[in-house]
**Student:** 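Structure below; questions to follow.
Model, not experiment: these values are computed from the prediction.
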Amino acid sequence: MKIHLKTPLGVAKISGSEEGVSEIKILDESPQPSSEIPDVLLPVVEQLEAYFRGELEEFNLKLDLEGTNFQKKVWRALLKIPYGKTVSYLELSKQIGDVKAIRAVASANGRNPLWIVIPCHRVIGSGGSLTGYAGGLHRKKWLLEHEGALTQQSLF
C-alpha cells in the first residue's frame, strides 16, 4: 500500500504492508495528499505528524527494510543517534567497526528508505558541514533545527 502525506517539507510517499513500513520518501513533486489512510499505515502517519508538531522524538514502528547486510548495519547504527544530536560520517564508520568504510557508510546513508524514521539527516561532515542529503540540504537543515541540533545563526 502507498499513500502521500503532506508535511512541512513537502509531500512524502509512504509505502508499507502488514510486514511494516518499507519506504518514506520526500518528493520534489507535489502529488495530491491521500484522503484515506489504510489502517496498516496509520501509525506511520500519526507518528510523523507528532514528530513535526514537536511531540515525538523517537519512532516506534514496525520496519520492513530491504537492503544489503551492510546497509542494514548502517541503518541500525543511524537509529541509535539520539534526537537533537549529530554524528560525523567518520564517527558512524567507527561505530560500525570500520573506520575506512566512510564512503560505503555515506552511500548506505544515502540509500536509507525511511526518511526521518531512520535519521540519516543527523549525519554531518567532520567539520560540522551539512554534506549531502538525498532530500536536499535545505530539508536537512530544517530537520536539524527542528530537533535543536543546529541553532539558527543570528545576523546580529
Side-chain angles (χ1 to χ4, degrees), residues 1-89 91-98 101-124 131-149:
M1 290 173 230
K2 110 178 151 167
I3 61 163
H4 292 102
L5 176 71
K6 185 176 182 191
T7 77
L9 295 173
V11 175
K13 179 175 105 177
I14 303 171
S15 302
S17 68
E18 296 292 337
E19 301 301 313
V21 61
S22 56
E23 180 183 42
I24 303 172
K25 180 180 179 181
I26 191 70
L27 304 173
D28 286 324
E29 66 272 11
S30 294
Q32 196 66 19
S34 301
S35 56
E36 297 202 16
I37 311 297
D39 288 346
V40 73
L41 295 178
L42 200 52
V44 182
V45 170
E46 290 170 344
Q47 289 185 42
L48 280 171
E49 288 176 343
Y51 169 85
F52 282 116
R53 287 192 307 268
E55 299 169 358
L56 181 82
E57 295 183 358
E58 189 172 326
F59 292 89
N60 182 18
L61 297 167
K62 188 175 176 183
L63 308 181
D64 183 21
L65 297 173
E66 287 189 26
T68 67
N69 288 336
F70 181 79
Q71 288 170 333
K72 289 178 182 178
K73 185 177 184 179
V74 171
W75 300 336
R76 282 191 299 273
L78 290 170
L79 288 168
K80 295 176 184 171
I81 305 170
Y83 181 94
K85 302 291 181 194
T86 59
V87 300
S88 70
Y89 287 100
E91 290 173 277
L92 192 57
S93 297
K94 288 177 182 175
Q95 287 175 19
I96 65 160
D98 189 350
I102 294 174
R103 288 185 190 270
V105 165
S107 177
N109 199 44
R111 295 194 192 316
N112 169 19
L114 296 177
W115 180 63
I116 299 177
V117 172
I118 296 178
C120 59
H121 59 279
R122 296 180 188 152
V123 182
I124 59 174
T131 58
Y133 185 63
L137 289 180
H138 66 290
R139 289 186 180 114
K140 182 174 189 163
K141 182 175 185 275
W142 189 97
L143 291 166
L144 291 173
E145 287 174 350
H146 175 71
E147 294 182 3

**Student:** Does Glu58 have any side chain to side chain contact (heavy atoms under 4.5 Å, CB included) partners at least two apart in sequence or in another chain, and if so, which?
**Tutor:** none
**Student:** Among residues two or more places apart or on two chains, list those pairs meeting side-chain hydrogen bond (donor to acceptor under 3.5 Å, both in side chains) that have a residue in residues 38-52.
**Tutor:** Tyr51-Glu147
**Student:** Is a donor on one side and an acceptor on the other found under 3.5 Å between the side chain of Lys140 and the backbone of Cys120?
**Tutor:** no
**Student:** OG1 of Thr131 to CG of Asn109: how many Å apart, nearest 0.5 Å?
**Tutor:**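 Thr131 atom OG1 to Asn109 atom CG measures 8.5 Å (nearest 0.5 Å).
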**Student:** Which residues pass the side chain to side chain contact (heavy atoms under 4.5 Å, CB included) test with Pro31, not counting sequence neighbours?
**Tutor:**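 Testing Pro31 for side chain to side chain contact (heavy atoms under 4.5 Å, CB included), a comparison that skips the adjacent residues, returns His4, Val11, Leu27, Glu29.
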**Student:** Sort out for me which residue in Val21, Ile37, Leu114, Val117 forms a side chain to side chain contact (heavy atoms under 4.5 Å, CB included) with Ile14.
**Tutor:** Val21
**Student:** Which heavy atom of Ala108 sits nearest to which heavy atom of Trp75, and what is that distance?
**Tutor:**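 So the two residues come closest at O-NE1, 2.9 Å.
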**Student:** Kindly write out the residues that satisfy ring pair (Phe, Tyr, Trp, His ring centres under 6.0 Å) with Phe70, not counting sequence neighbours, or none if the list is empty.
**Tutor:** none
**Student:** State, to 0.1 Å, how close Ala149 and Thr86 come at their nearest heavy-atom pair, and which atoms those are.
**Tutor:**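 Taking every non-hydrogen atom into account, CB-CG2, 3.9 Å.
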**Student:** Rounded to the nearest 0.5 Å, what separation is found between the CD atom of Glu19 and the CG atom of Leu65?
**Tutor:**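 If we round to the nearest 0.5 Å, Glu19:CD and Leu65:CG are 12.0 Å apart.
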**Student:** Applying side chain to side chain contact (heavy atoms under 4.5 Å, CB included), can you list everything that pairs with Lys73, at least two apart in sequence or on another chain?
**Tutor:**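 Side chain to side chain contact (heavy atoms under 4.5 Å, CB included) check on Lys73 returns Arg76, Ile96.
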**Student:** Enter the distance from Arg111:CZ to Ile118:CD1 here, rounded to the nearest 0.5 Å.
**Tutor:** 14.5 Å
**Student:** Might you point out which heavy atoms bring Pro113 and Ser22 nearest each other, and give the distance in Å?
**Tutor:** CB-O, 3.6 Å
**Student:** Nearest heavy-atom pair of Ile81 and Arg122: which atoms, and what distance?
**Tutor:**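 That would be O-NH1, 2.7 Å.
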**Student:** The test is side-chain contact (heavy atoms from CB on, under 4.5 Å); show your working for Ile124 and Leu144 and say whether it passes.
**Tutor:** CA-CA 10 Å; Ile124 59 174; Leu144 291 173; 4.2 Å; yes
**Student:** Which residues pass the side chain to side chain donor-acceptor pair (under 3.5 Å) test with Asp28, not counting sequence neighbours?
**Tutor:**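 Testing Asp28 for side chain to side chain donor-acceptor pair (under 3.5 Å), a comparison that skips the adjacent residues, returns Arg139.
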**Student:** If every non-hydrogen atom of Lys6 is compared with every non-hydrogen atom of Pro33, which pair is closest and at what distance?
**Tutor:** CB-CG, 3.9 Å
**Student:** For Leu41 and Met1, which heavy atoms make the closest approach, and how far apart are they?
**Tutor:** CD1-O, 4.1 Å
**Student:** Is the distance between the ring centroids of Trp142 and His146 under 6.0 Å?
**Tutor:** yes
**Student:** Could you tell me the separation between the OG atom of Ser107 and the CD atom of Gln71, rounded to the nearest 0.5 Å?
**Tutor:** 7.0 Å
**Student:** Does some side-chain heavy atom of Phe59 sit less than 4.5 Å from a side-chain heavy atom of Ile24?
**Tutor:** no
**Student:** Rounded to the nearest 0.5 Å, what's the gap from CG on Leu9 to NE2 on His138? Could you check?
**Tutor:** 7.0 Å
**Student:** By side chain to side chain donor-acceptor pair (under 3.5 Å), which residues pair with Ser88, not counting sequence neighbours?
**Tutor:** Glu91
**Student:** How far does CG of Leu48 sit from CD1 of Ile116, to the nearest 0.5 angstrom?
**Tutor:** 6.0 Å
**Student:** Partners of Glu23 by side chain to side chain contact (heavy atoms under 4.5 Å, CB included), sequence neighbours excluded?
**Tutor:**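 If we apply the side chain to side chain contact (heavy atoms under 4.5 Å, CB included) test to Glu23, skipping adjacent residues, the hits are Lys13, Ser15, Lys25.
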**Student:** Please list, chain by chain and in numerical order, all residues satisfying side chain to side chain donor-acceptor pair (under 3.5 Å) with Glu55, sequence neighbours excluded.
**Tutor:** Arg53
**Student:** Kindly indicate, with the supporting measurements, whether the criterion side-chain contact (heavy atoms from CB on, under 4.5 Å) is fulfilled by Val44 and Leu5.
**Tutor:** CA-CA 10 Å; Val44 182; Leu5 176 71; over 6 Å; no
**Student:** Mind checking what makes side chain to side chain donor-acceptor pair (under 3.5 Å) contact with Arg103, not counting sequence neighbours?
**Tutor:** none
